[in-house]
Structure formats: C-alpha cells, structure tokens
There are 2 protein chains.
Amino acid sequence: MLKLSTKGRYGVRAMFDLAQHVGEGPTSLKSIAERQGISEHYLEQLISGLRKSGLVKSVRGAQGGYILGREPGKIKIGDIIRVLEGPIAPVDCVSEEDPECCAKAEFCVTRTIWEKVRDSIADVLDSITLETMLEDANKLESERSLYMYYI
Amino acid sequence: MLKLSTKGRYGVRAMFDLAQHVGEGPTSLKSIAERQGISEHYLEQLISGLRKSGLVKSVRGAQGGYILGREPGKIKIGDIIRVLEGPIAPVDCVSEEDPECCAKAEFCVTRTIWEKVRDSIADVLDSITLETMLEDANKLESERSLYMYYI
DNA sequence: TCATATCTTATTAAAACAGTCGGGATTTGT
DNA sequence: ACAAATCCCGACTGTTTTAATAAGATATGA
C-alpha cells in the first residue's frame, strides 16, 4: 500500500526530537518517548539500529542518553528511513540495493514505472535534512505566534 | 516499507495485457493469468474491483472475458493503483481521501514531509497511462530488434 | 443442454507489524 | 561501595495483512 511503518515514522520523530536538543548533552530515551508519545521499549529497538548505523551516538550510564551522530544538516530523512525500513523499493526488482530482477527485466515496461516511483520518493526524502525540519518548525512557530497575536 | 503489494503490481500487468489486446473483443481471465504467470483465482478477486470501478467491463458466458472500460490513453496507472491499493497515503494523516489527522496536524513538521512524498508518488503514477506504456513497449521492442540485428 | 466464462463468498497458511517483557551491562552521584 | 539512572539485548506474543485456494452460483454462445 506504499505505506510507511511505525518504524520509519517514529524514527524520524525521534531524530527530530534529538535535533531540537542538539548541543544540550545526551537526551534520554525516556524523555524522547514521553514527548513523542511512543512506547519506550519499542523506541529502544528502533534507536538500536540508528546507533549501529552511526546516525546517533549513545552515552551509557546515569545522565546518559543519545546525541546525533553528525550535524542536523548532514542527516537526510532518507538516511533515517533506509536504516529503519530498508532500501527504498516500491517493488523488489527495483530495490536501491541488490534488486531481485526477473529474466524479462531488461525489457519490462512495468518495471520502468516502479523505477520512476522509487526515484521520486528518494528525491523527496534526500532533499530534506533535520536542519531543514528545524527551519520549517521555526517558520511554523512564528506564523503561529502572528496568528495568535491578531486574534 | 513503502512497498506495493501484489494487488497493485498484478493489476497493472493485467490492465496492460488488456491494453495490448484492445479492439480484439473480450480477453478471458484465464489467458491473462497464463501470459502474466498469475494465479487465475487470485486475479479474479483483483479484477472484480477493477470492474466495479468501471476501469474494465466484463462480458459473461462462453467466449466472454474483459475489455478496457475506456481508451488506454484515459486510464492512468494511478487510477488502477487507487482502486486496488486504496488512496495514496504513505501515512494515514496525509491520505488522499479522508485523512485521519491528529490534533497537531496543523503545525506538524513531519507531516509536511509525508505530504511531499504522497504528491511525488501521485504525480508519477498519474503521468503514465496505458497508452504511454504501449508506446514505451513499442520503443523497447524496436530497440531490441536493432540490438539483435547488430549482434 | 453443455462447455465456457464470469461472479461471489468463505477459508487459510505464512509473513509482517507493533509492540511487550525480562534481564544484563555501564556509568554517575552520594 | 552502593543505588539509581540509563543504555543494551534477545525472546515472546497478539493482531493484521498478504496472497492465495476452494467451492459453488450464474450467465451465455454454439
């Protein structure tokens, strides 16, 4: 159904949460889960993958938590989605990595459609970084203030 | 995982098959299933939805089968996908029809990302018709002949 | 009337999804 | 040294979706 699972959605929200607290030292999983309304144990599983891929770093022990693995401007939404949901591939024969082609792939008209879909999704997800999201959030926030002011 | 199910994939192939036999009278489900290597019974379920939505018309009885509901140029891949897989919606809160929004939707930064993904998918799927596919197939076929000739 | 088709409903095995649970390892403040 | 906070890891579970399969009813041309 071309649906994203909760893995991708929760993951992006958690990463955005970390971006909003960048420079404040490690953020605990518990606080992210509370702010985002996500099960803590479940989020733990997801962030485990993000840590292994280097998108976040962990600090163990009391007062520990997670910090972004690199600057918000260098973390694309596509990076997060690929870690949590696997390579972008509306159908397996056009997967970004090791596509399982059938014999007719070379001359398959249907296949070219899925390639276009894949590329258009990847383009969108790779054009947005956590930095972009922070900027957008600031814009929305100031618009909101204006709106509240004039009411 | 942003995956299309077999419904969408088989459906597009079946519709393309019908487009290739346009003007030849009704095509039986059995022959489509055989050419496309799809379970006949399963395809039956899928085409039922296509018929109800008017994308195909059925002719019952012996020598019966299915024909396209309108010209290949007026059937977009997006039409087929929407019938078989439902409205395009990478997440429910940005569904093409009756999105289930949460309270924060108005100021949700994550949401705008999924809207962009939805629109880019819809743009691709609505820019391709069965007619386009027929043209592409002809091009591929002539390229193939050339290739075979020079070997 | 009979072979050929489409239609309709029900059932099912396997996989994916979305968690839940229990315990371990590591660091910090006291 | 010890308790609290926190990350780390593997196993388990209920629900939903997927991808069929099966069986029979209905319609029609020859």
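Throughout, protein chains are lettered first and strands after them, A, B, ... in sequence-line order, and every chain is numbered starting at 1.
Less than 4.0 Å separates DNA chain D from at least one heavy atom of each of the following residues of residues 43-56 of chain B: Q45(B). Using a 4.0 Å cutoff on non-hydrogen atoms, the parts of residues 12-36 of chain A near DNA chain D are T27(A), S28(A), L29(A), ordered by number.
Legend: salt bridge (Lys or Arg N to Asp or Glu O under 4.0 Å) pairs involving residues 61-83 of chain A, not counting sequence neighbours, sorted by first then second residue: R70(A)-D79(A), E71(A)-K74(A), R82(A)-E96(A), R82(A)-D126(A). Applying the salt bridge (Lys or Arg N to Asp or Glu O under 4.0 Å) definition to pairs two or more places apart or across chains, those involving residues 6-31 of chain A are D17(A)-R35(A).
Taking atom CG on L2(A) and atom P on dT17(D), their separation rounds to 16 Å, with Å as the unit. H41(A) places its NE2 atom 17 Å from the P atom of dA11(D), with the value rounded to the nearest Å. Between D92(A) atom CG and dT18(D) atom C1' the separation is 14 Å, expressed in whole Å. The interatomic distance linking E40(A) (CD) with dC8(D) (P) rounds to 13 Å, in whole Å. With rounding to whole Å, I38(B) atom CD1 is found 12 Å from dT21(D) atom P.
In this structure, the side-chain hydrogen bond (donor to acceptor under 3.5 Å, both in side chains) partners of S5(B), at least two apart in sequence or on a different chain, are E85(B). Taking the side chain to side chain contact (heavy atoms under 4.5 Å, CB included) definition, one finds that E141(A) meets it with R144(A), S145(A), sequence neighbours left out. With sequence neighbours excluded, the residues that form a side chain to side chain contact (heavy atoms under 4.5 Å, CB included) with K57(B) are I67(B). In this view, S39(B) and H41(B), Y42(B) satisfy the side chain to side chain contact (heavy atoms under 4.5 Å, CB included) rule, not counting sequence neighbours. For D136(B), the side chain to side chain contact (heavy atoms under 4.5 Å, CB included) partners are V109(A), T132(B), K139(B), not counting sequence neighbours.
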N/O contacts under 3.5 Å, protein versus nucleotides 12-17 of chain C?
none

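Expressed to the nearest 0.5 Å, how far CD of E40(B) lies from OG of S31(B) amounts to 9.0 Å. Taken from OG1 in T27(A) to CD1 in I32(A), the straight-line distance is 5.5 Å, to the nearest 0.5 Å. Going from atom CD1 of I80(B) over to atom CD1 of I128(B) covers 10.5 Å, rounded to the nearest 0.5 Å.
For dT21(D), one of the phosphate oxygens OP1 or OP2 lies less than 4.0 angstrom from a side-chain nitrogen or oxygen of S39(B). Distances shown here put a side-chain N or O of S58(A) below 4.0 Å from the OP1 or OP2 atom of dC8(D). In this model, the phosphate group of dA20(D) is approached by a side-chain N or O of Y10(B) to a distance below 4.0 Å at OP1 or OP2.
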Sugar-phosphate atoms are those with a prime plus P, OP1 and OP2; base atoms are the rest. Using that split, label each nucleotide of nucleotides 25-30 of chain C B, S or - for protein heavy atoms under 4.0 Å, 5' to 3'.
-> BBBS--
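Distance alone, capped at 3.5 Å, places no donor-acceptor pair between the S58(A) side chain and the R60(A) backbone. The backbone N or O of D98(B) sits nowhere less than 3.5 Å from a side-chain atom of S95(B) that would complete a donor-acceptor pair.
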Going by atom type alone, with no hydrogens or angles, which donor-acceptor pairs under 3.5 Å involve a side-chain atom of residues 114-124 of chain A and a protein atom two or more places apart or on another chain?
from, atom 1, to, atom 2, distance (Å)
E115(A), OE2, R111(A), NH1, 3.1
R118(A), NH1, V94(A), O, 2.9
S120(A), OG, V117(A), O, 3.0

